[in-house]
Amino acid sequence: MPKARSGRRRVNGKIHRIAISTGGGDAPGLNAVIRAGVLAAHNRGWDVAGIRDGYNGVLLPDQYRDGGLVHLTPEKVSGITHLGGTIIGTTNAGNPLCFPMRQANGKLVEVDRTDDLALALEANGIDAVVAVGGDGSLTIANALAKKGVRIVGVPKTIDNDLSRTVVTFGFDTAASFATECIDRLHTTAASHRRVMVVEVMGRYAGWIALNSGISGTADVILIPEIPYDLKCVSEKIGERFAQGKGFAMVVVAEGACPKGGRYSIVEKKVGSAVRLGGIGEKVASEIQQLTGRETRHVLLGHLLRGGTPTTFDRLIALRFGAAAVRALATGKTGVMVALDPPRVRYVPLADATKRMKTVPLDSDTVLTARELGICLGD
Ligand code: F6P
């Protein structure tokens, strides 16, 4: 671990060099944030380093042949606004608050390495950080802010589950792609007179499932916020077939749960969040048994994270990147950039990470789904 050159950097000291970190699952728009952040910093005469793979570039620099930091010049960020992914890499397996470390006895345990991280940032001459990420990355940012690191968060996630911002970038692209997939699945469902079950990501929030399901005219939408009963779902499917509609479309969020049941979990590894998944297959098999109708399932999974960001996502990503640098330039720290249309404003990181933003059951989107006759599984 590098030695700190001096005491913790003064929060009101002059900025010469900032770092950008992208953490957690990638989301369309990350490169647009990086580009805006780099250009806004460059225009202020600041140097910018991209930390590879979350914070691994400074915590585990020896793992990188060319070093754990990427010098981000305006040339390096040219032509990347429309690209999915992140040019500096990301990880959702190296959270410094619960970093996986192997003990002498061979056992992997989770260790808080935020002190090491704050020192490493300082040792690398980094005066301030723009941390782009979801709840995990912003919780790390908040911990670093408490340790005196100058840091501004940018909310990213396809799941849209961060509170204190109207929306996160990445969500619009993911929900739009899910809608397109549901549209495409309609023709094959109708041609084969089948029930199609589409599983989408979203963790413990049903935003992607609800928005794409309504927009893609699904008959059933199952979200984590409303525990489902497959008897209601089967009745709805039975009614549709009885009305002569020869197929049915079911959209299931990966975090959906049966009434009194549990989340469908793929795995839990030390140092990583629980991986959800598999509910689509289970729901499809039960629907087939209950209705006697041929049923197929499709997992959209990581496809939702790829591709070109929509105009909406690109624009807020660019606005967020520029606003994060503006915040640092005006002495702000420990805040997250947030969309509060028509403005971008700043909210304390501590508030932004306090609670997950799930779908409110009394929202007009949920009411709209019910009024359109969509079954929500209850
Ligand atoms: O948070 C974004 C997300 O795509 C979730 O919707 C999903 O549960 C998770 O990441 C999947 O993560 P991984 O990339 O580890 O499979």
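Each ligand, and each atom within it, is numbered from 1 in the order the structure gives. These numbers come from the heavy atoms of this one structure, side chains and all, not from hydrogens, waters or symmetry mates. All values derive from a computational prediction rather than experimental measurement.
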So is L276 close enough to ligand 1, meaning a heavy atom under 4.0 angstrom away?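 It does not; every heavy atom stays at 4.0 Å or beyond.
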Heavy-atom contact under 4.0 Å between G202 and ligand 1?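 Flag set, G202 near ligand 1.
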Residue R184 excluded, over 12 heavy atoms near CZ under 6.0 Å: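 Atom CZ in R184 is not packed in, count stays at 12 or less.
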Given K156, E267, H302, which one has a non-hydrogen atom that is nearest to atom 13 (P) of ligand 1?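 Comparing heavy atoms across K156, E267, H302, the nearest one to atom 13 (P) of ligand 1 lies in H302.
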Pick whichever of R203, R275, R305, M201 has a heavy atom sitting closest to atom 10 (O) of ligand 1.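 Looking at heavy atoms only, the winner is R305.
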Work out which heavy atom in P309 is nearest to a heavy atom in T81; give both atom names and the distance.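 Closest pair (atom of P309, atom of T81, distance): CG-O, 3.7 Å.
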Quick check: closest heavy atoms across N160 and K357, and the distance to 0.1 Å?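 For N160 versus K357, the nearest heavy atoms are O-CE, 3.1 Å.
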For [X], the ligand 1 atoms whose distance to one of its heavy atoms is below 4.0 Å:
X: I158; result: 4 (O)
X: E254; result: 5 (C), 6 (O), 7 (C), 8 (O)
X: N92; result: 12 (O), 13 (P), 14 (O), 15 (O)

What is the nearest protein non-hydrogen atom to atom 6 (O) of ligand 1, stated with its residue, atom name and distance?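 The protein heavy atom lying closest is D159 OD1, 2.7 Å.
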Taking C-beta and beyond as the side chain, do P341 and V166 meet within less than 4.5 Å on heavy atoms?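 Result yes, sub-4.5 Å side-chain heavy-atom pair found.
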Taking ring pair (Phe, Tyr, Trp, His ring centres under 6.0 Å) as the definition, give me every residue that meets it alongside Y263, ordered by chain and number, with sequence neighbours left out.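 Result, ring pair (Phe, Tyr, Trp, His ring centres under 6.0 Å) vs Y263: Y204.
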side-chain contact (heavy atoms from CB on, under 4.5 Å) against A218, all qualifying residues, sequence neighbours excluded: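 Expected list: I221, M249, V251.
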